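Here's the structure we're looking at; comments come further down.
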Amino acid sequence: DKLKRTLESLNLDGYSVAVSRVKKSGLDACDFAVNLDAEHENHDHDMTYLHGKEAAVKVQGHHGHGHEHGEGAHTHTHSHGHIHGEEAHTHDHGHIHEEGHHHGHSHRGLPEILEILRSSDMTDRAKEIAERIFRILGEAEAKAHGVSLDEVHFHEVGAVDSIVDIAAAAICLDDLGIREVIIPVLYEGSGYIRCQHGVIPVPVPATLNIVSDYHLRLHKTDTMGEFVTPTGAAVAAAVCTSRELPEYYRVDKIGLGAGKRAYERPSLLRAMLITPEDKMKSASLWN
């Protein structure tokens, strides 16, 4: 309820938020969906658009279209995780592809986006996190297209669903009091993906720029598809404080978030709240 109330204070039109439970490979997961109206709809989860008809069937595996319980074709999700790697111990909500799954009407500059965030009821720290994520995205896009940050119009990053994605990530991280985030590795797919500028290889340029600039560990898998989007990478870069888990730790809470794209590998992100333990204390638990 707190998240929904805070998102409403952004004063954005064209979307609604829904929280539900869905099944992914038989596992119960949280689905945080941003449902867009017809004017703001994009192709972010249209597998045929992203990969072509034949490739869409291939990347979804050999068991049908991959639509699991609770998923809709016209929703956008950020569901506590879109880096698509069970080893990323963080809350991450990005699944907008900045290179272009949006219509041209939604152009926004960074100052306009920051004003939307600053005028909301988000806490100062949540605003700070969201602003950092957007700046990381902007710098990566500017580098990818060979322009200055001032010239980046955020025609995709500035779309309604991206603003909601990033704001929600910041709101949740702040509300949970997360100060340290450990992300050992991000698992990426292979192949190509369609965008506004044509067909490009995975990882896409903006994602690679973020991974490179912020020294995130990337592991490419043989699974066809895009598992680390620029928004997902930007959230990871903005909040990551360490890449090494402690040798011993207690798991206090577990979050499992469901993605929307239907790939052969289920789109899930697992986040854990942990407490480091020293070796002697951990050993005593077994006595």
Side-chain angles (χ1 to χ4, degrees), residues 1-12 15 17 19 30 32 34 76-85 88-96 98 108-142 149 152 154 156-184 186 206-207 209-211 213-216 228-243 253 255 257 269-274:
D1 290 340
K2 181 186 293 185
L3 175 59
K4 288 183 177 180
R5 286 197 305 270
T6 309
L7 289 176
E8 287 173 1
S9 72
L10 293 170
N11 292 320
L12 293 172
Y15 81 98
V17 167
V19 180
C30 175
F32 194 117
V34 178
H76 183 90
T77 184
H78 34 89
S79 66
H80 292 290
H82 264 53
I83 301 180
H84 294 279
H89 305 287
T90 179
H91 296 267
D92 164 51
H93 295 68
H95 211 55
I96 285 295
E98 281 71 30
R108 283 189 171 94
L110 183 60
E112 183 183 354
I113 293 172
L114 297 184
E115 182 57 32
I116 290 172
L117 297 172
R118 291 167 180 168
S119 300
S120 73
D121 293 338
M122 294 169 65
T123 66
D124 289 342
R125 181 167 180 265
K127 292 175 182 177
E128 179 183 338
I129 295 171
E131 179 173 335
R132 176 168 167 76
I133 295 169
F134 265 113
R135 288 191 182 279
I136 291 172
L137 274 173
E139 290 167 358
E141 286 298 327
L149 182 58
V152 175
F154 291 91
E156 290 87 27
V157 182
V160 169
D161 45 359
S162 274
I163 295 175
V164 176
D165 277 349
I166 290 170
I171 293 165
C172 289
L173 284 162
D174 174 62
D175 190 60
L176 288 170
I178 303 299
R179 298 285 178 176
E180 297 180 57
V181 178
I182 303 168
I183 306 178
L186 304 179
T207 295
N209 288 339
I210 295 170
V211 168
D213 291 343
Y214 292 88
H215 309 293
L216 298 173
V228 183
T229 66
T231 305
V235 176
V239 302
C240 180
T241 57
S242 175
R243 292 159 187 81
K253 290 281 188 178
L269 181 75
R270 183 170 59 193
M272 299 186 295
L273 292 180
I274 66 172

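Every value quoted in this text rests on a predicted model; they were computed, and no experiment measured them.
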Closest non-hydrogen atom pair between [X] and [Y], with its separation:
{"X": "Leu7", "Y": "Ala168", "result": "CD2-N, 4.0 Å"}
{"X": "Leu149", "Y": "Gly138", "result": "CD1-C, 3.5 Å"}
{"X": "Arg243", "Y": "His215", "result": "NE-O, 2.7 Å"}
{"X": "Leu10", "Y": "Ser120", "result": "CD2-CB, 3.7 Å"}
{"X": "Thr207", "Y": "Val228", "result": "OG1-O, 3.3 Å"}
{"X": "Pro230", "Y": "Ile210", "result": "O-CD1, 3.4 Å"}

[X] side chain near [Y] side chain, heavy-atom distance below 4.5 Å:
{"X": "Leu273", "Y": "Ile178", "result": "yes"}
{"X": "Asp175", "Y": "Lys2", "result": "yes"}
{"X": "Val17", "Y": "Glu8", "result": "no"}
{"X": "Leu114", "Y": "Lys127", "result": "no"}
{"X": "Ile274", "Y": "Ile182", "result": "yes"}
{"X": "Val19", "Y": "Lys4", "result": "yes"}
{"X": "Tyr15", "Y": "Asp161", "result": "no"}
{"X": "Thr231", "Y": "Leu137", "result": "yes"}

Can you tell me how far [atom2] of [Y] sits from [atom1] of [X], rounded to the nearest 0.5 angstrom?
{"X": "Ile166", "Y": "Ile129", "atom1": "CD1", "atom2": "CD1", "value": "12.5 Å"}
{"X": "Ser9", "Y": "Leu117", "atom1": "OG", "atom2": "CG", "value": "9.5 Å"}
{"X": "Asn11", "Y": "Ser119", "atom1": "CG", "atom2": "OG", "value": "8.5 Å"}
{"X": "Ile113", "Y": "Arg118", "atom1": "CD1", "atom2": "CZ", "value": "11.5 Å"}
{"X": "Arg179", "Y": "Arg125", "atom1": "CZ", "atom2": "CZ", "value": "4.0 Å"}

May I have the step-by-step check of salt bridge (Lys or Arg N to Asp or Glu O under 4.0 Å) for Arg135 and Glu139, ending in yes or no? CA-CA 6 Å; Arg135 288 191 182 279; Glu139 290 167 358; over 6 Å; no

With no hydrogens and no angle check, is any side-chain donor or acceptor of Thr6 less than 3.5 Å from a backbone partner on Asp121?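 Not at all, since once roles are kept as given, no pair shorter than 3.5 Å links the two residues.
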
